[in-house]
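Beneath this line is the structure, given in structure tokens, with notes to follow.
Note that the structure is predicted; figures quoted are calculated from it, not measured. In what follows, chains are A, B, ... by sequence order, proteins preceding strands, each numbered from 1.
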Amino acid sequence: MTKLDSTLRTRFAPSPTGFLHIGGARTALFSWAYARRFGGKFILRIEDTDRERSTEESERGVIDGLRWLGIQWDGEIARQSEANARHQEVIEDLLTAGKAYRCICSREELEQRKQEHIARGDKWTYDRKCRDEDYAADCGTHVVRLKLPDTGMLGWVDGVFGESGQDASEIGDVIIRRSDGSPLYHLAVVVDDIDLGINFVIRGQDHHSNTPFQLAIYQAMGVEPPRLAHVPLIVGKNGKKLSKRRDPISVQQFQEEGYLPEAMRNWLTRIGWSHGDQEVFSSEEITQTFDLEHVNHSSAQADLEKLVWLNQHYLKTLPMDQIRDYVLPFLEKEVGGSVQWDDALAFYIEADRERPKTLVEMAQRARFLLLDDDALQIDEKAAKKHLKANIAPALEQLRDAFAALGAWDHESIEGAFQSVLEQQNRERSEEQGEMKMGKLAQPVRVAVTGGPVSPGIHETLMALGQERSVTRLSNAIQAIRARA
RNA sequence: GCUCCCAUCGUCUAGCGGUUCAGGACGCGGCCCUCUCAAGGCUGAAACACGGGUUCAAAUCCCGUUGGGAGCACCA
């Protein structure tokens with residue numbers, strides 16, 4: 001073991017399940033932010049001991065998720081499977097040093113003795129039957145157990161919870177190697193963390209009560225344990241554990257639903273951590289202000305409404321070239337083909353960006369712009385409400401006014417609307433009442449977009465262009481006439 | 001069952017003994033703006049789980065109750 005310098009080193013150690021869980025994503029975010037905040041390194045280690053499930057494929061989900069969130073790790077990705085020989089070596093050393101021993105108690109015997117204890121009302125920890133037998137390697141099927149001290153506190157000052165720990169007497173001699181020869185998780189993490197020079201472990205609270213075991217292993221190995229901090233879990237609606245069925249738990253899922261990494265990162269960071277009243281955090285602000293002191297002690301529910309709000313916030317404030325990169329794939333999916341990003345599209349998205357809640361919605365709202373004029377389907381309800389026979393004359397006048405325009409900009413379009421309104425109001429009778437902008441704009445909106453919602457009508461028409469606007473108005477007028 | 005952890009508006013939270021009849025945000029209601037939908041502005045309702053202490057003074061400290069969560073494997 002090389003003596004490592006005092007640089008802060010945190011880590012994230014997921015098992016490769018094919019996707020990144022939001023709880024995992026958050027502890028990764030915290031570990032990353034903490035390392036960045038204090039000039040340390042953030043290491044990624046894949047816990048791929050379960051060789052059946054661990055494939056390149058299943059790792060990718062986790063790795064892609066981290067990348068997407070903008071959580072960059074330092075150095076190469078470490079893999080637990082690569083450390084197997086090292087785990088064995090440590091176990092052998094502990095055996096030789098008399099700090100661990102072989103245990104030949106079968107599961108059946110163990111279960112029986114455990115039941116007897118419980119029947120007597122005693123608590124059960126392993127009864128140390130084999131502890132002093134000193135069985136050799138040829139003792140047959142056996143596991144290896146760590147000798148825990150009889151008494152003494154296995155404690156630490158948790159970065160979040162403060163003084164924590166348990167007396168050694170309450171903990172049984174834990175198994176560190178299975179009868180098939182493979183090392184157990186507790187042994188493996190400790191060894192891996194030591195070898196990677198991890199000196200600050202930030203992990204989920206579900207590990208809190210297991211920590212004393214691991215401290216015992218550090219003690220047996222004669223290595224100073226890292227600083228430890230446990231962050232409370234994210235729970236689902238009504239405070240229950242996140243469930244795959246009920247709750248959206250994979251980062252990928254959010255990505256597909258059109259959430260931005262900026263929003264996701266901001267949201268996750270703010271669950272269980274705060275910085276005064278601040279709600280919006282850029283990546284830089286996270287890495288400049290994150291601390292453990294303000295991590296909450298209680299588990300928190302994932303509040304989707306807030307994510308939506310954050311997403312909308314970033315949708316309307318991020319630089320346009322970023323929005324372009326984010327939304328393009330969604331647009332292509334929406335129309336089922338490649339999409340050319342041109343000035344008109346850029347103008348439209350810019351005009352519309354404060355309305356959609358997700359990228360999916362943003363793409364849906366731009367769909368009408370990307371369709372051929374003849375392929376535009378008019379929403380039936382909207383047509384029935386806004387494209388009635390009595391509006392046709394005004395639409396015709398407007399179409400003609402549009403067709404005659406020399407320039408196609410906000411001012412000229414507005415002028416055309418005004419002149420048509422004036423003309424209408426001259427022609428209309430007393431009982432018909434005055435025609436206002438709303439009465440005209442809405443039918444136009446339905447005619448050119450196919451639906452009742454869009455950005456300001458002038459902007460919408462500008463994005464569509466003069467020729468296409470005229471065509472779509474004509475199509476709508478025809479449709480009205482055909483129905484009459 | 002045993003061990004450990006937790007407890008402020010519906011939700012995320014600020015608060016680290018007095019300046020708080022508890023502040024912000026999301027969501028919800030109302031009003032304004034308005035060519036639709038949003039956005040924005042103003043505004044309203046909404047919480048210290050309960051019971052005991054300690055103290056001149058408690059959301060803040062201590063104890064109990066209740067309620068939640070996690071861990072107790074030859075899983076990770």
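- Side-chain nitrogen and oxygen atoms of Ser299(A) include none within less than 4.0 Å of the OP1 or OP2 phosphate oxygen of rC6(B).
- The pairing partner recorded for rC28(B) is rG44(B), the criterion being a Watson-Crick or G-U wobble arrangement whose two distances lie under 3.5 angstrom.
- Remark: the separation of the P atoms in rG15(B) and rU54(B) is 29 Å, to the nearest Å.
- Distances shown here put a side-chain N or O of Lys316(A) below 4.0 Å from the OP1 or OP2 atom of rG40(B).
- Closest approach to the Gln166(A) side chain among rU13(B), rU3(B), rG71(B) is made by rU3(B) (side chain taken as heavy atoms from C-beta onward).
- Pairing partner, rC4(B): rG69(B), with both Watson-Crick or wobble hydrogen-bond distances short of 3.5 Å.
- Gly456(A) comes within contact range of at least one nucleobase, with a heavy-atom separation under 4.0 Å.
- The base-pairing partner of rA22(B), taking Watson-Crick or G-U wobble contacts with both distances under 3.5 Å, does not exist among the strands shown.
- Residue-level contact check: Pro455(A) touches the bases, meaning some heavy atom is under 4.0 Å from a base atom.
- Looking at the side chain of Leu184(A), the nearest of the listed nucleotides rA39(B), rA76(B), rC35(B) is rA76(B).
- At a threshold of 4.0 Å, the pair Glu57(A)-Arg60(A) counts as salt-bridged, since one of the basic side-chain nitrogens sits closer than that to a carboxylate oxygen.
- Across all strands, Lys439(A) comes closer than 4.0 Å to no nucleic acid atom at all (heavy-atom distances).
- By the 4.0 Å N-to-carboxylate-O rule, Asp150(A) lies close enough to Arg128(A) to be salt-bridged with it.
- A perpendicular orientation is assigned to the rings of Tyr348(A) and Phe368(A), their planes being inclined by more than 60° (bins at 30° and 60°).
- As judged by a 4.0 angstrom heavy-atom cut-off over every strand, Phe161(A) is placed among residues touching the sugar-phosphate backbone only.
- Checked options Ser58(A), Ser15(A), Ser81(A); the residue passing with Asp48(A) is Ser81(A) (criterion: side chain to side chain donor-acceptor pair (under 3.5 Å)).
- Heavy atoms of Gln312(A) sit under 4.0 angstrom from primed sugar atoms or phosphate atoms, though from no base atom.
- Pair assignment for rU55(B) gives none, since no Watson-Crick or G-U wobble pairing has each distance under 3.5 Å.
- Considering only side-chain atoms of Gln205(A), the nucleotide from rC26(B), rC35(B), rC5(B) that sits closest is rC5(B).
- Remark: P of rA76(B) and NE2 of His208(A) are 22 Å apart, rounded to the nearest angstrom.
- More than 12 non-hydrogen atoms from other residues, nucleotides or ligands lie less than 6.0 angstrom from NZ of Lys99(A).
- Taking atom NE2 on His186(A) and atom P on rC74(B), their separation rounds to 10 Å, with Å as the unit.
- Here rA39(B) presents its C1' atom at 17 Å from CG of Leu318(A), a figure rounded to the nearest Å.
- Residue-level contact check: Gln301(A) touches the backbone only, with heavy atoms under 4.0 Å from sugar-phosphate atoms and none from bases.
- Within 4.0 Å of Lys114(A), counting heavy atoms only, lie sugar-phosphate atoms of the nucleic acid but no base atom.
- Contact between Ser469(A) and Val448(A) at its shortest, heavy atoms only, is O-CG1, 4.3 Å.
- Note: CG (Leu146(A)) to C1' (rC74(B)) measures 15 Å, nearest angstrom.
- Here the side chain of Gln442(A) is nearest to one of rA39(B), rA76(B), rC35(B), namely rC35(B).
- For Lys306(A) and rA25(B), a side-chain-to-base donor-acceptor distance below 3.5 Å is present, hydrogens and geometry of angles not being considered.
- In this structure, of rU36(B), rC26(B), rG71(B), it is rG71(B) that holds the atom nearest to the side chain of Asp206(A).
- Across all strands, Arg177(A) comes closer than 4.0 Å to no nucleic acid atom at all (heavy-atom distances).
- Using atom P as the reference point in both rC61(B) and rC28(B), the two lie 35 Å apart (nearest Å).
- Across all strands shown, rC50(B) forms a Watson-Crick or G-U wobble pair with rG64(B), both key distances being under 3.5 Å.
- Using a 4.0 Å heavy-atom criterion, one finds that Ile271(A) contacts the sugar-phosphate atoms exclusively.
- Here His458(A) lies in heavy-atom contact (under 4.0 Å) with a base.
- Here the side chain of Arg445(A) is nearest to one of rA76(B), rC35(B), rA38(B), namely rC35(B).
- Comparing the C1' positions of rA14(B) and rA59(B) gives an interatomic distance of 12 Å, to the nearest angstrom.
- For the OP1/OP2 pair of rA14(B) and a distance below 4.0 Å, the side-chain nitrogens and oxygens of Asn296(A) include at least one atom meeting the criterion.
- Rounded to an integer number of Å, the gap from CZ of Arg270(A) to C1' of rU13(B) is 5 Å.
- In this structure, the CG atom of Leu228(A) is 21 Å from the P atom of rA70(B), given to the nearest Å.
- One can place NZ of Lys123(A) at 19 Å from P of rG71(B), the figure rounded to the nearest angstrom.
- No salt bridge links Glu82(A) with Arg45(A); every basic N to acidic carboxylate O contact stays at or beyond 4.0 Å.
- Among the nucleotides rA70(B), rA76(B), rA38(B), the one closest to the side chain of His207(A) is rA76(B).
- Taking atom CD of Gln364(A) as the reference point, atom P of rA38(B) lies 16 Å away to the nearest angstrom.
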The test is side chain to side chain donor-acceptor pair (under 3.5 Å); show your working for Ser164(A) and His230(A) and say whether it passes. CA-CA 11 Å; Ser164(A) 304; His230(A) 291 88; over 6 Å; no
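- When the nucleotides rC26(B), rU36(B), rU3(B) are ranked by their closest atom to the side chain of Asp303(A), rC26(B) comes out on top.
- With a cut-off of 3.5 Å on both Watson-Crick or G-U wobble distances, the partner of rG17(B) is given as none.
- Heavy atoms of Ser274(A) sit under 4.0 angstrom from primed sugar atoms or phosphate atoms, though from no base atom.
- At a cut-off of 3.5 Å, with distance as the only test, no side-chain donor of Arg367(A) or Gln364(A) sits close to an acceptor on the other residue.
- If you check distances only, the side chain of Asp277(A) does reach the base of rG23(B) with a donor-acceptor pair under 3.5 Å.
- At a cut-off of 3.5 angstrom, the base of rG24(B) holds at least one donor-acceptor pair with the side chain of Glu279(A).
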